[in-house]
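This report concerns only the one structure given below.
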Amino acid sequence: MLNRLQAIFRDVFDDPQICINEGTCADTVPGWDSLTNIQLIFAVEREFKVKFALGEIQELSNVGDMISLIQKKQQCAA
Amino acid sequence: MNFNSFTFIFLFLPAALVGFYVLGTMQAKASLKPWLLAASLAFFAAGRLQDLPLLMASITFNCIVATRLTSFPDRSRGRCAVFVLGLSGNLLFLAYFKYKAFLVALANQWMGLHLAVSRPLFPLGISFYTVYQIMLLVDCYENLAQNYNWRDHLVFAGFFPYVTMGPIVRWKQIVPQLNGSDFGKPRWDNLARGLYIFVIGLFKKVVLADSFFRWSDAGFNFAGSLSLVGAWITALAFTCQLYFDFSGYTDMAIGVALMFNINLPANFNTPYRSQSVIEFWRRWHITLSNFITTYLYTPMIRGMRKVSFGRMMLVTFIAMLITGFWHGASWTFVVFGSLHGLGLVANQVWKRCKCQMPGPIAWALTFIFVVITFVFFNSRDLSQAGEIVRSMFSIRTAVFSYEPWLGIDRIDQAAGIVWMLLGTFILYRAPSSQTLQQNFRPSWVTVAATIALAAAALLYTNGVVSRSFVYRDF
């Protein structure tokens, strides 16, 4: 899942060198603002075929949170 | 009643705390929430009794809507209808009690009507408790308000540290703490840390913000005849006043809540060190920014069939326009929001072009931009703002001439300058209150610093007429 997310990050931030891990957050990636955040959310929703609730988006503080939420959503859908 | 009043510091807060911890140690847990609710209502009534029925009406309405929402099955029509009703009810409530006079004046001007316009004070806390109850309804609709019940709603919506001026909180941040095992147990570390942050906030408000206020207020009253230097001093003094006023209030709210074992979210993170407008809004009034981004900006973009950069910029501008208008029903706030909307759009375009700028220049441009927009924020109308901004950039006015603050007593001027220098140091060099709170360790140095700050703050609280908080009128 991290690899798929990394591809999304590289596309959204237009940076082929970007490397993410579970602790990656807005403070550690230059240019991660509300605009790129929403682009990320939409791209992740498309890629993993899930939909985040508004309140869930606000709670995401790093990539690890995003992975946990995607897994939770996929388990609920299965 | 304000946090910076003797009544609050020496009467209300100790009484509320003693009652809370006596009930907690007597194992009378069931009485803790009613006690907090009673204290909150008493605090609100002491602030502005006539606005208490509005708060009660808002809480009752939202309790009914939230209870109904959670009783419907997911994705049912009834659930959707109740949600829309709840949302509309809150927006109409806010529109009627906060924006009625502005809208009537607008109708008179544009449609040639002659309707009576009355401009009462905005109901206390209406912008804040309406917003966090809207967030609660969204959470209920999305099944994120775990274990919702109306009893917790009453305490959540009325809790006195944040009911009048924020921070804007979510159910998930507060209610689990109300139901935690620590709730009601005396926690000396929380009491000490809470007192420490409260005293820092009190010092920021009564010593620093009120010192800057004397200079900004004198300048704004002389808006028509300020020199170039005078106009900049006025604008800079207000920029510093607003930060110390609002962040001081927030520190006090966080400190008071911590004394009751409740952690509130941070609202500021040294915003004047930002090197872009985007960064500024990540550091300034953080809980409002989060609300706007999550509950306004995201749904607006989600609602688009095709998302393009241009459309996202349009939504950014609209979101900031609404943010400005949320602050108050006046054209000055519309301009304030529009300017920040344009600033964010310009910033995004700049980023898209992958242009770089040296850090000090980026900081200076951001700060000057913020200072200019705050002139609109504090002006009574657009003409006053226009006069000050013109003077800031006009070479026709004198560079330096007789200025209103020269009339301030010399001793007060000297003291004011000392505090303002300290304030400027805090703005650019000192750790944020959030960092101070995290790094708090009980020691003699901390005790001495707290006593010194408290002594200075209480001296000023006693010596000058207590001023209300800027955001109290929003």
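Chain identifiers are assigned alphabetically (A, B, ...) following the order of the sequence lines, protein sequences preceding nucleic acid strands; residue numbering begins at 1 within each chain. Computed over heavy atoms, backbone and side chain alike; hydrogens, waters and symmetry mates excluded.
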*Report the C-alpha distance between A/Ile70 and A/Met1 in whole Å, list the side-chain angles of each, state the deciding distance to 0.1 Å, and finish with yes or no for side chain to side chain contact (heavy atoms under 4.5 Å, CB included).*
CA-CA 9 Å; A/Ile70 295 166; A/Met1 187 176 288; 3.8 Å; yes

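Proximity to chain B (any heavy atom under 4.5 Å) is shown, for A/Leu54, by both the backbone and the side chain. Only the backbone of B/Phe291 comes within contact range of chain A, judged by heavy atoms closer than 4.5 Å. Contact of A/Asp14 with chain B is made through backbone and side chain together, with heavy-atom distances under 4.5 Å. Of the atoms belonging to B/Ile301, heavy atoms from both backbone and side chain fall under 4.5 Å from chain A. The contact between A/Ile57 and chain B is made entirely by side chain atoms (from C-beta outward), counting heavy-atom distances below 4.5 Å. Using a 4.5 Å cut-off between heavy atoms, B/Arg302 touches chain A through backbone and side chain atoms alike.
Under the 3.5 Å distance criterion, with hydrogens and angles disregarded, a donor-acceptor pair is assigned to the side chains of B/His340 and B/Thr373. Donor-acceptor pairing under 3.5 Å is lacking for the side chains of B/Thr316 and B/Gln348.
For the pair B/Leu69 and B/Phe83, the minimum side-chain heavy-atom distance is below 4.5 Å.
Of the listed residues (B/Met135, B/Met313, B/Lys172), the greatest number of heavy-atom pairs within a distance under 4.5 Å of chain A belongs to B/Lys172. Ranked by non-hydrogen atom pairs under 4.5 Å with chain A, the options B/Asp139, B/Thr293, B/Asn290 are led by B/Asn290.
Between B/Tyr132 and B/Phe156, the ring center distance clears the sub-6.0 Å criterion.
Ring geometry for B/Phe159 against B/Tyr162 counts as perpendicular: the plane angle is over 60°, on a 0 to 90° scale with 30° as the lower cut.
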